[in-house]
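Read through the structure below, which is laid out as structure tokens, and then see the notes.
This one's a predicted model, so the numbers in the text were calculated from it and none came from an experiment.
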Amino acid sequence: MAVSLPALPSAQTLNRRSLLGAGAAALAMPFIARPGFSQSSSGELRIAAWAGYISPEMLAAFEKATGIRATYTPYGTNDEILNLMKVNQGQGFDVIWPALDRVPNYVEAGLVQVIDESRVEWDRCIDSAIRSSEKLGAVVDGKRYQVPTDWGTEAIAFDTEKAPMIWGKASYGDLWAPEMAGKVTVRGHSALVGLGLWLEAEGRLPRPLLDSFASEEAMRANYDVILQEAIARKANIAQFWSTQNEAQGAFRTNGCVLGQTWDSTAAGLSEEGMKLGYISPKEGALAWMEGISLPVGAENVDQAYAFINWMLTAEAGAMYASHARVNSTAKGAEALLPAHARSFFESAYPENALDGLWWWPVQESWFVELRGEYQDRFLSA
């Protein structure tokens, strides 16, 4: 790494190699319904999850394993599902899938219930994911509100012919280079973080970037500098994205050759046959974890825990990872992944790239509000 970034507690312990170190011998046991839970009359489950996360095959496999009939409602952003939960006062779904760093927002608003840890088959989940989730937002005031199911990153997607990137040299700064004018796609608020990491490595921020998440004073001091730089280089942005479909469309139809996108975005385009690569920049890929939370208005609680435990089996984890193109926290899931998924991962995170992941800190409500303010100023400039 060219720069040593401040790390959250336990953040360095969670990486793909430690998550997947269990190997094929550690395949999780097949799902077994809890005693007294009838598969013949086991009810329904209402799932709200990210668009592209749940496949019809997964729903069918879950119903076959448990007798539970599940319905799936997709959403596109963290703010979309959080706002919906606020409007509905935590009603309407039995399972939701917030990003880990946003869980405290739900707790603050009284929208999710405490996880009954005695009902979770924790031995199926990678230990480091359990431990690290405690520091990244799943546990608030000593109580757990989420079970981690997956993790992924946001880094640099690139056209392998028109904008080739090399491990160890690739940087968030490449997105803002003059020769990339009109060829880049980014998401508004996370692009400012990537740009901030580059400016921090250049010694151009007044405070460490992570201080921005701790106080409004530090956030404004840093973001004033970041925003000024972003506006000055805005001509590079051909398209802003907020959902995966939008990000993929930027490469498919809008002429973008470089972008700051999710790993799943690039993996999907690569599988379509596009000459698109994905690489962790030297400042560190932005890393996130997600999982299952239960809204306060969940009506099918037994079924929700059955779904959590099914998702933590190796078979379900592999189905999930292959379909959603994320990294499962289920032990042994990696042994069941197709070869192309393993190949993509190895090229995206070569050598010691996983040691330098930049884990999203908890984003408290005040930060999310200010983040939106700076993003809007960037988009409208």
Side-chain angles (χ1 to χ4, degrees), residues 16 19-33 39 42 44-75 93-100 120-126 129-130 146-153 244-245 248 262-272 288-293 303-346 348:
R16 179 66 167 178
L19 284 180
L20 301 185
L27 285 174
M29 294 295 292
F31 177 84
I32 300 176
Q39 289 193 357
S42 49
E44 299 180 351
L45 180 71
R46 302 166 300 169
I47 303 169
W50 290 84
Y53 267 30
I54 306 296
S55 67
E57 290 76 17
M58 290 175 64
L59 296 179
F62 174 61
E63 183 174 2
K64 182 177 180 180
T66 65
I68 301 168
R69 185 175 181 82
T71 58
Y72 161 48
T73 300
Y75 56 83
F93 297 106
D94 304 307
V95 163
I96 59 174
W97 225 287
L100 193 60
V120 178
E121 302 288 350
W122 291 111
D123 60 335
R124 300 177 180 177
C125 187
I126 298 296
I130 300 170
Q146 188 181 77
V147 177
T149 57
D150 59 272
W151 68 277
T153 64
Q244 179 151 285
N245 284 339
Q248 291 182 334
W262 293 322
D263 46 4
S264 56
T265 299
L269 292 173
S270 178
E271 288 180 24
E272 290 178 10
W288 43 263
M289 193 187 297
E290 295 172 333
I292 295 173
S293 295
Q303 291 83 352
Y305 281 103
F307 182 70
I308 289 173
N309 291 328
W310 180 78
M311 281 294 298
L312 293 177
T313 64
E315 295 79 6
M319 289 181 69
Y320 175 45
S322 297
H323 175 71
R325 302 179 182 90
V326 295
N327 306 303
S328 173
T329 63
K331 291 179 180 176
E334 82 290 346
L336 305 179
L337 290 177
H340 65 80
R342 295 192 183 195
S343 176
F344 177 85
F345 182 87
E346 291 170 357

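Evaluation of the side-chain contact (heavy atoms from CB on, under 4.5 Å) rule for T153 yields W151, D263, Y278, A285, A287, Y349, L357 as partners, not counting sequence neighbours. With sequence neighbours excluded, no residue satisfies ring-ring contact (aromatic ring centres under 6.0 Å, His included) with Y72. Not counting sequence neighbours, the partners of Y53 by the side-chain hydrogen bond (donor to acceptor under 3.5 Å, both in side chains) test are E290.
Summarising the geometry of A318 relative to L337, their closest heavy-atom pair is O-CD2, 3.9 Å, with the distance given to 0.1 Å. Listed here is the closest heavy atom pair of Q248 and S264: NE2-O, 4.1 Å. Smallest separation of non-hydrogen atoms from F62 and Q303: CZ-O, 4.2 Å. A pairwise comparison of heavy atoms in A129 and T329 identifies CB-CG2, 3.9 Å as the closest pair. Minimum interatomic distance between A316 and W310 (heavy atoms only, all atoms of both residues): CB-O, 3.0 Å. Heavy-atom minimum distance, G291 versus T149: CA-OG1, 3.4 Å.
For the pair I47 and L59, the minimum side-chain heavy-atom distance is below 4.5 Å.
Note that the CD1 atom of I126 and the CG atom of N327 stand 11.5 Å from one another [nearest 0.5 Å]. Put simply, CH2 on W97 and CD on Q146 are 10.0 Å apart, with the number rounded to the nearest 0.5 Å. The CZ atom of R46 sits 7.5 Å away from the OG1 atom of T71 when rounded to the nearest 0.5 Å. Summarising the geometry, atom CH2 belonging to W288 is positioned 5.5 Å from atom CG belonging to D150; distances are rounded to the nearest 0.5 Å. Atom CD of residue E63 and atom CD of residue E44 lie 9.5 Å apart, to the nearest 0.5 angstrom. The CD1 atom of I292 sits 10.5 Å away from atom CD1 of I96, with the distance rounded to the nearest 0.5 Å.
A donor-acceptor contact shorter than 3.5 Å is absent between the side chain of S270 and the backbone of A266. In terms of modelled atom types and a separation under 3.5 Å, the side chain of R124 and the main chain of M311 share no donor-acceptor contact. Checking side-chain atoms of W262 against main-chain N and O of Q244 turns up no donor-acceptor pair under 3.5 Å.
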Check: How far apart are the C-alpha atoms of E57 and H323, what are their side-chain angles, what is the distance that settles it, and do they pass the side-chain contact (heavy atoms from CB on, under 4.5 Å) test?
Finding: CA-CA 10 Å; E57 290 76 17; H323 175 71; 5.6 Å; no

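Across I130, I308, N309, a single residue satisfies side chain to side chain contact (heavy atoms under 4.5 Å, CB included) together with V147, and that is I308.
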